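Presented below is the structure to which this report refers.
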Amino acid sequence: ALDARLPITDAMFQIGAPGDSLDAALAEGRLFLADYAMLDGAELGTFPNGQKYLYAPLALFVLDRATRKLRPVAIQCKQTPAPDNPIFTPDDGYNWLIAKTIVETADGNVHEASTHLGRTHMTMEPFVVTTYRHLAANHPLSLLLWPHFEGTLAINDASWRHLIADKGAVEKLFGGTIETSRSVCVKGVQSVHVMNDLLPLTFQRRGVADQQAFPNYPYRDDALLYWGAIHEWVDGYVRLYYPDDTEVQRDTEVQAWARELVSQEGGRLNGLPNGGAIQRIPELIEVVTFVIYTCSVQHAAVNFPQYDHMSYAPNMPLAGYRPAPTTKRGATEADFVAMLPTLDMAELQMDLGYLLGSVHYTELGQYPKEQFRDQRVAPLLSRFQTRLADNGTTIAERNQARRPYDTLAPKGIPQSINI
C-alpha cells in the first residue's frame, strides 16, 4: 500500500519512471520505501563548527521493469506532509541533488549508529561476556565461539573512549548531538530479535528475497552463500555433542548462558527461543549461526564499505550544514556546496573511513591450530573451509557479470569484530 506520509501522485511518479505507472508498480510489488523514522525529532548538533542538520526523510524507489534495478523517484525530507516539506522529484535540479544528499546523510547516521555499532558491535558484546561467565573454557560451544569474539571487547571499549565519547569523532561528524547518536545505537540494539533476524528471514520480511523478481542485490546473494556454509558447519558441530534435545535441556552451562543473555540484569537481548530457555537442537544451531554470521560476515558487510562509500564526504556527508529546501525549485550549485561539511570535517571523515574500512585481521574459517582437539571436528571444518573457498570462486564469477561487489570476498571477512 502507498504510505499516507508520502502523498505522491502518478504524475509525480512518472517524472522519475517514464512509461511506468504508480498503480502498476504498486500492483506488481515494485515499490520500495526507505524510511528513516528513527531520526525523527533528533536533537541537532552544533559541535565543533556550528549548526548542523539531520532529517528523517522518506525515499521512494521503483524497481525498473526493463533493467530490474532500483530507481529513486521521490524524496520527502521530513516525515509529515506540509507545504514547506515538498516531495522532490528528479526534475527539480539542485533541489533534487540536495534532497538525495539529505537521504545519504540520514542513511550514514542510521548505518553507523544503528546498523553498524548497535546491531553488530553492541549486540555481540553480551554474547562475549556471557560466554566467558557461563561456558567452561573446554565447553564445545566455548571452543567454537571464542575465535569469533577475539578483539571485540577491546574495540568496543576503544569506541566508547574515542568515537562516541563526548566531543569525540562521532559528535564532530554526525548531524545530531552525541546523545542523539547514542540513542540511535540503543534503538538499533533494541530492534534486534534473534530468531526473527536470521538472515533469510530478513530478506523475506523486506520483500527482497526473490532473486528473479529482485535480481540486483549482491549483498543478499553473497551473504546467503556464507549463511548456508556457516549453518552447515554449526549444525554438524553442535550435533556431535548433543545427540538429542534432552542433552541441550540438561546442559546447565548453556541454559545459564541463554538466561543471562535475555535477563534485564544481563544482556537484555530480544528474540532468543522460549524467552532464554533453549529447548531444541535446531534452536541452538540457529542462535550460534546468528552469532558467528554477525561477528564475521555481517560486520564485514557493514564495516568495510565505510571506506568505499563514506570516505568521500560529498557522497555521504554525515551532517548537513544548511536546512532542507522548502520549495521544489530554485537551489543552486552554491546552495548544494554550502550544505556539505567543512574541509576539516571532510578530512576527518576520510581518515576515519580509511582506518575503519581498511584494517583486516584474521579470516573466516581459519581457526587457530589445535583449536579443536576432537578429531571428529576435522572433516566438518575441512568441509566448511572448502565451502568458503567455493564462495570466493562464485563471487569472483558473479563479479564478471555484475557491477563488482568485493566486500564479501573470503579474504575480506575477519573471524570477529576486531576493528
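All residue numbers refer to positions in the sequence shown, counting from 1. Since this is a predicted model, take the numbers as computed values, not measurements.
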Exercise for the section: Could you check N196 against N270 for side-chain hydrogen bond (donor to acceptor under 3.5 Å, both in side chains), going step by step and ending with a plain yes or no? Expected result: CA-CA 10 Å; N196 286 349; N270 298 317; over 6 Å; no

Pairing donors with acceptors under 3.5 angstrom, does anything connect the side chains of [X] and [Y]?
X    : Y    : result
N95  : D335 : no
T180 : S183 : no
W96  : T89  : no
Q79  : Y36  : no
N156 : H121 : yes
N109 : E112 : no
D197 : T202 : no

Between [X] and [Y], is the ring centre distance below 6.0 Å?
X    : Y    : result
H299 : H116 : yes
Y293 : H231 : no
H111 : H309 : no
F384 : Y237 : no
Y307 : Y354 : yes

Problem - Contact summary for G19 and Q14, nearest pair of heavy atoms - result: N-OE1, 4.5 Å

Flag, side chain of [X] to backbone of [Y], donor-acceptor distance under 3.5 Å:
X    : Y    : result
N85  : T80  : yes
Q415 : G365 : yes
S416 : E150 : yes
T123 : G118 : yes

In Å, rounded to the nearest 0.5 Å, how long is the span from [atom1] of [X] to [atom2] of [Y]?
X    : Y    : atom1 : atom2 : result
R68  : N216 : CZ    : CG    : 11.0 Å
W227 : Q298 : CH2   : CD    : 10.0 Å
R119 : Q190 : CZ    : CD    : 12.0 Å
E28  : L31  : CD    : CG    : 9.5 Å
E104 : M310 : CD    : CE    : 9.5 Å
D222 : L224 : CG    : CG    : 9.0 Å

Practice task
Decide yes or no on side chain to side chain contact (heavy atoms under 4.5 Å, CB included) for T105 and Y53, but give the supporting numbers first.
Solution key: CA-CA 9 Å; T105 299; Y53 295 90; over 6 Å; no

Practice task
Run the numbers on R71 and F61 for side chain to side chain contact (heavy atoms under 4.5 Å, CB included), then give the verdict.
Solution key: CA-CA 5 Å; R71 175 186 294 183; F61 296 79; over 6 Å; no

Handout entry: Stepwise ring-ring contact (aromatic ring centres under 6.0 Å, His included) check, F203 with F214
Key = CA-CA 11 Å; F203 297 127; F214 197 95; 9.7 Å; no

Exercise for the section: Using a strict cut-off of less than 4.0 Å between a Lys/Arg side-chain nitrogen and an Asp/Glu carboxylate oxygen, indicate whether K78 and D40 qualify as a salt bridge. Expected result: no

Practice task
Taking only Lys NZ, Arg NE, NH1 and NH2, and the carboxylate oxygens of Asp or Glu, determine whether R5 and D35 approach each other closer than 4.0 Å.
Solution key: yes

Practice task
Anything under 30° is parallel, anything over 60° is perpendicular, the rest tilted; go ahead and classify W233 against Y367.
Solution key: tilted

Exercise for the section: Verify salt bridge (Lys or Arg N to Asp or Glu O under 4.0 Å) between K328 and D92, making sure each step is shown before the conclusion. Expected result: CA-CA 6 Å; K328 278 177 67 64; D92 288 335; 2.7 Å; yes

Find out whether [X] and [Y] are in side-chain contact, i.e. whether some heavy atom of one side chain is under 4.5 Å from a heavy atom of the other.
X    : Y    : answer
L225 : R398 : yes
F149 : Y132 : no
D20  : F13  : yes

Exercise for the section: Applying salt bridge (charged side-chain N to carboxylate O under 4.0 Å, His left out), name anything that partners D221, two or more places apart in sequence or on another chain. Expected result: none

Problem - Worked verdict on V128 versus W146 for side chain to side chain contact (heavy atoms under 4.5 Å, CB included) - result: CA-CA 8 Å; V128 181; W146 269 119; 4.0 Å; yes

